Structure formats: C-alpha cells, structure tokens
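Remember, predicted model here, so these are calculated numbers, not experimental data.
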Amino acid sequence: MSKFLKGTMILMAAAFITRMLGFVNRIVLARMIGEEGVGLYMMAVPTLVLVITITQLGLPVAISKHVAEAEAKGDRGKTKKILAVSLGVTGILSIIFTPALILLAPYLAEHVFTDNRTYWPLIAISPVIPIIAVSSVLRGYFQGRQNMKPSAISQVIEQVVRIGLIAVLTGYFLPYGIEFAAAGAMISAVIGELASLLYMLTMFKLKKTFSLRSSIFKTIARGKSTFYELMNIALPTTGSRMIGSLSWFFEPIVVANSLAIAGVAAGVATSQYGLLTGYALPLLFLPSFITVSLSTSLVPAISESYALGHLRAVEYKLQQSLRFSLVSGGLAVIILYVLAYPLMELMYGNTKAAPFISLLAPFFLFYYYQGPLQAVLQALNLARAAMINSLIGAVVKIGLIFILASQPSFGIYGAAIAMVVGIMVVTFMHFFTMVKKISITFYVKEYIGAFTAIILSGVAGHFTYEWLWVDTHQVIRVLVSIMVMSILYLFLLKQLDVLKKEDLARLPFWPKR
C-alpha cells in the first residue's frame, strides 16, 4: 500500500473515531443546555476559529508541503529551519491575539452578537489559542513526513478527554445559567487540546532526527529565505481560511440581525441558529471525516509527485480521491436525506432540526468534494486562486443570508439555502481552477452510475423504513434501513464499475489474491 493511501486510511480511522466522539459531545451538550445554550456556544465558536486562523497564518499546510519536499531531497537542515521559523511566528501571534480576545470579549458579546451571554464562552475558550498554534505546527511536520499516526492519535486523545469532561463541567456550571454551562463546555475543549498537544510533543521528541532546541534562535535568524518560502504558501492559504473564518464570524451576526428584520425575537433567533448550526450541520459535516483525511494526505503526496515531475501520479491520486469523495459522500447523502427525522428523534429527542437536514443533505455532496479540490490547488501552488474562490463563495453566502433570512417567508431557512449556495459556488470554482492547471479525465459514466445507485438505494431505504419492520423499535428500523441502503449502494457501485477493483484491492481489509 502506498504511503499516501496508508496515511489516508490512518487519518480516516482516527477521524471517524474523532467525529463519532465529537458527535456524542454534541448530543450530550444539546440535551444538557438545550437549543438556546447550543446557540450561545455556536455563536462564540466562529470568533475562536477566526483568531486561530490568524494565529496559524496558514502555516500547517505550508509546513506539510515544504517538509515533504525537503524529506524527498533528504535535507534535514531545511526541515529544522521550517519548524523553528513556524514556531517563532505562531508563538508571537499567540502572545498578541490571546489577550486581544479576552479584552474584546465584552464588546463582542454586547455589540456584535447582541447577546451579553456570549461573554463567558468567549473568555473560557481563549487559552486554547497558543495550544492549538503549537500543535498545528507539529501536525504539519508529521503530515509532511507522511507519518499520520501522531496526528491521528492526538485527535482521538483530544476528543476522549473532552467527552470525559464535558458532562461534568457543563453540569457543574449549569445551575449558574446556560451561559456558564456553555463556558464549561469550552473549558473541556481547552483541556482536551492541551492533552493532545502533550502527546504530540512526546511523539516529536521520540521521532525527531535533529535537536530543535539547540541554537533555535540562530536557526530562526538564518531562516529568512525559509520564512518567505513558507509565506508564499501560508499567506494565500491563510487568505482562504481567513475568508472562511470571517464568513463564519459574520454569519451569526448577519443571521441574528436578518431574523430581527424579519420580526424574530433575539432569544428565538439564538435557538433557531442553534438548531441549524448545532444540531443539523454537525450531522451533515460528520461524513466529511473521509474527505478531510484525503485532503490532509493529498497536500504532501501531490506536492512530492509534482516536485518530481510525476504528472501521471498526480492525476492518479487526484482521481482516486475524487472517487472516494463521490462514493462516501453519496452514501452519506442517502442516509441523511432518507432518515433525517428518525435520526434527529433518536439523537436529540425531537425533530426540530430535521427539515434543515432534508433540505441541505442532497447539496452537501458538493461540500464533500470541496476539501480534496482545495488540497490539490494548494499542492499545485494555486493557493491564491483557492483564496479568491473562497472569497467569492463567502460574499455570495453572506449576501444571500441577508437577502433571504430577512424575509419572513424564508427566515432561518433562507440562511440554510445561502449556506449551500456558497458551498456549491466554491466547489465549482475550485474544480474549474484545477483543470486549467492540469489535465484530468472526466468519467461521465461513473457519475451516471453513482447517481443511479444513490437514487435506487434511497428508494430502497425509504421503503424499508416506512413499510417493513414497522412494528419493531425505531433503533432497529433505522439500523436495518442503513444496512439495506449501504449494501445495495456498494453492490450497485461495484456492478456499475464506479468502484474499481484496484481501489478495493488497496484497502487494508480487502482480501488479497
């Protein structure tokens, strides 16, 4: 098995465990503090993501790319310079932005989010900034060496620690108010990230082939050229992520104000935003653990192949990633669309967020493609183009949120529609940007086969849930329906030659001949 596929499989396994644990966290949080509490939590998270994006400065992707190239040439001195310069940059930015968030929290809570209760979640999460800044540099280093185990295991550790603390801390602070309970959830996230960082530092100390502490300041001082090389990738990447983070930062602000124009009260708006972003979207994002893993592995793998001039290898890895995105994303769309209501009932005890899932699920197939496409653009030195694409998508999304959500006939559903339109715009633009750089064959037959399998499997799953096993427990009905859809879907993909023999043969659990 290739290093690319092996690394992807490791990340997929860890990401699956991480996403499932994270989802348990979400369910516990939602059941303990309700829609309004989740709304407060989700209003604070975009601010944190924005600050972390600025602090990281896009360095994880740049580190991964340049470490992969340095390792391909056997230049360990260059690798040391990359790490030293990156830690210096993120360290300085952490020192600036951590106190800045604490000082700005009162203003943000009162004037920006128009809900004073977001103050305590903002304060509680601020210590995580320097922790994530350092751990992201180490993750970029390991990913550049195509050693995905430390990164994968650290993510699992973070979620295990968080899930062990979230119920305790949230329950402890709940009597003081839902804003303090949301802050307790944030504190559990900080401690989880700290545990993850300690593991990463331990693995780095065990696996490194050079001494980083010796002459680190001299290394940084001599790393001017390395700094510029990193920034050539990091700044456009930061631009893309900054656009996404700013878009997410403004999203709750625009939604709250648009709903106010539509005549929705502030408390109701917070609850509706919590349903959309805290209940529905996490379930829709859950299947993306596969495409996120593919994206992480693609940057160093394609960077290495492209640096060596192996263009056929670049297209092969790209086609393989797009096929996995189609297969995994298609199955996710079927399950979420057909079983939106029973899944919400089982997880949260109500179906208030189910209409959002039914509306958004078919279009989220474009989101599952977006990560791998952006990773390819970054590996091909097209990070600036990816940034422009993200900017256009963000402007479209925020503009549509204001236009639609401010209309009483649309309300919060207008925000949901705007989100998927923004996703589709960015995905299409990424694809057309990529095909201008490299030649890629578009297999129309595969896509016709995949959509045929999606439709037929969805019909079978709906029939199974609605007409068979009706007298059995809802959990059994859901599990049987998922099993029927999954088996039929994979069978049809194999029969329609969407799943290739060589793809299956590369899977670690597939029998070898």
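Closest approach of Y273 and V255 over heavy atoms only: CD1-CG1, 3.9 Å. In plain terms, the two heavy atoms of Q407 and I403 that are nearest each other are CG-O, 3.2 Å. In terms of heavy atoms, L174 sits closest to M32 at CD2-O, 3.7 Å. L360 and A416 make their closest contact through CD2-O, 3.3 Å (heavy atoms, listed as atom of the first residue, atom of the second, distance). Across A386 and H430, no two heavy atoms sit closer than the pair O-CE1, 3.6 Å. Heavy atoms only, all atoms of each residue included: L284 and A361 are closest at CD2-CA, 3.8 Å.
By the ring-ring contact (aromatic ring centres under 6.0 Å, His included) test, Y279 is found to be paired with Y348, residues two or more places apart in sequence or in another chain being considered. Here F410 pairs with nothing under the ring-ring contact (aromatic ring centres under 6.0 Å, His included) rule; sequence neighbours left out. V338 is linked by a side-chain contact (heavy atoms from CB on, under 4.5 Å) to I334, H462, M485, counting only residues two or more places apart in sequence or in another chain. Here A280 pairs with A353, F356, I357 under the side-chain contact (heavy atoms from CB on, under 4.5 Å) rule; sequence neighbours left out. With sequence neighbours excluded, the residues that form a side chain to side chain donor-acceptor pair (under 3.5 Å) with S154 are R139. Evaluation of the ring-ring contact (aromatic ring centres under 6.0 Å, His included) rule for F180 yields W120 as partners, not counting sequence neighbours. Evaluation of the side-chain contact (heavy atoms from CB on, under 4.5 Å) rule for F366 yields I423, M424, T427, F428 as partners, not counting sequence neighbours. Applying the salt bridge (Lys or Arg N to Asp or Glu O under 4.0 Å) rule to E251 yields the partners K397; only residues at least two apart in sequence or on another chain are considered. Evaluation of the side-chain contact (heavy atoms from CB on, under 4.5 Å) rule for I187 yields A124, L169, F173, I191 as partners, not counting sequence neighbours.
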Self-check item: Trace of the side chain to side chain contact (heavy atoms under 4.5 Å, CB included) decision for L283 with M347
Solution: CA-CA 10 Å; L283 187 59; M347 287 186 286; 3.7 Å; yes

Self-check item: Candidate pair S486 and I335, rule side chain to side chain contact (heavy atoms under 4.5 Å, CB included), full reasoning
Solution: CA-CA 9 Å; S486 301; I335 293 172; 4.3 Å; yes

Self-check item: Verdict with supporting geometry, V426 and I392, side chain to side chain contact (heavy atoms under 4.5 Å, CB included)
Solution: CA-CA 7 Å; V426 174; I392 294 170; over 6 Å; no

Exercise. Evaluate the criterion side chain to side chain contact (heavy atoms under 4.5 Å, CB included) for residue pair E179 and T118; output intermediate values, then yes/no.
Key: CA-CA 7 Å; E179 64 269 38; T118 56; over 6 Å; no

Could you list the donor-acceptor pairs under 3.5 angstrom formed between side-chain atoms of residues 83-90 and any protein atom two or more places apart in sequence or on another chain?
residue: S86; atom: OG; partner: I82; partner atom: O; Å: 2.7
residue: T90; atom: OG1; partner: S86; partner atom: O; Å: 2.9
residue: T90; atom: OG1; partner: L87; partner atom: O; Å: 3.3

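Once rounded to the nearest 0.5 Å, the distance linking CD1 of I482 with CG of L331 reads 9.0 Å. Within the model, atoms CG of L275 and CE of M344 stand 10.0 Å from one another, a figure rounded to the nearest 0.5 Å. Here L108 contributes atom CG and I253 contributes atom CD1; the two are 8.0 Å apart, rounded to the nearest 0.5 Å. Rounding to the nearest 0.5 Å gives a distance of 10.5 Å between CE of M200 and CD1 of I153. Taking CZ of F364 as the start and OH of Y369 as the end, the distance is 16.0 Å to the nearest 0.5 Å. In this structure, the separation between OH on Y465 and CG on L339 is 7.5 Å, given to the nearest 0.5 Å.
Under the salt bridge (charged side-chain N to carboxylate O under 4.0 Å, His left out) criterion, the residue pairs touching residues 345-366 are E35-K352, with sequence neighbours excluded. Within the structure, no pair that satisfies the side chain to side chain donor-acceptor pair (under 3.5 Å) test touches residues 359-368, not counting sequence neighbours.
In this structure, S325 and L365 have side chains that are not in contact, with every pair of non-hydrogen atoms separated by 4.5 Å or more. Here the side chains of P150 and F204 are not in contact, with every heavy-atom distance at 4.5 Å or above. In this structure, the side chains of I33 and V38 come closer than 4.5 Å at one or more pairs of heavy atoms. Two residues are said to be in side-chain contact when any heavy atoms from C-beta on lie closer than 4.5 Å; M419 and F363 fail this criterion.
Side chains of Q272 and Y413: a donor-acceptor N/O pair is absent below 3.5 angstrom, by distance only.
More than 12 non-hydrogen atoms from other residues, nucleotides or ligands lie less than 6.0 angstrom from OH of Y119. Heavy atoms from other residues, nucleotides or ligands lying under 6.0 Å from CZ of F285 number more than 12.
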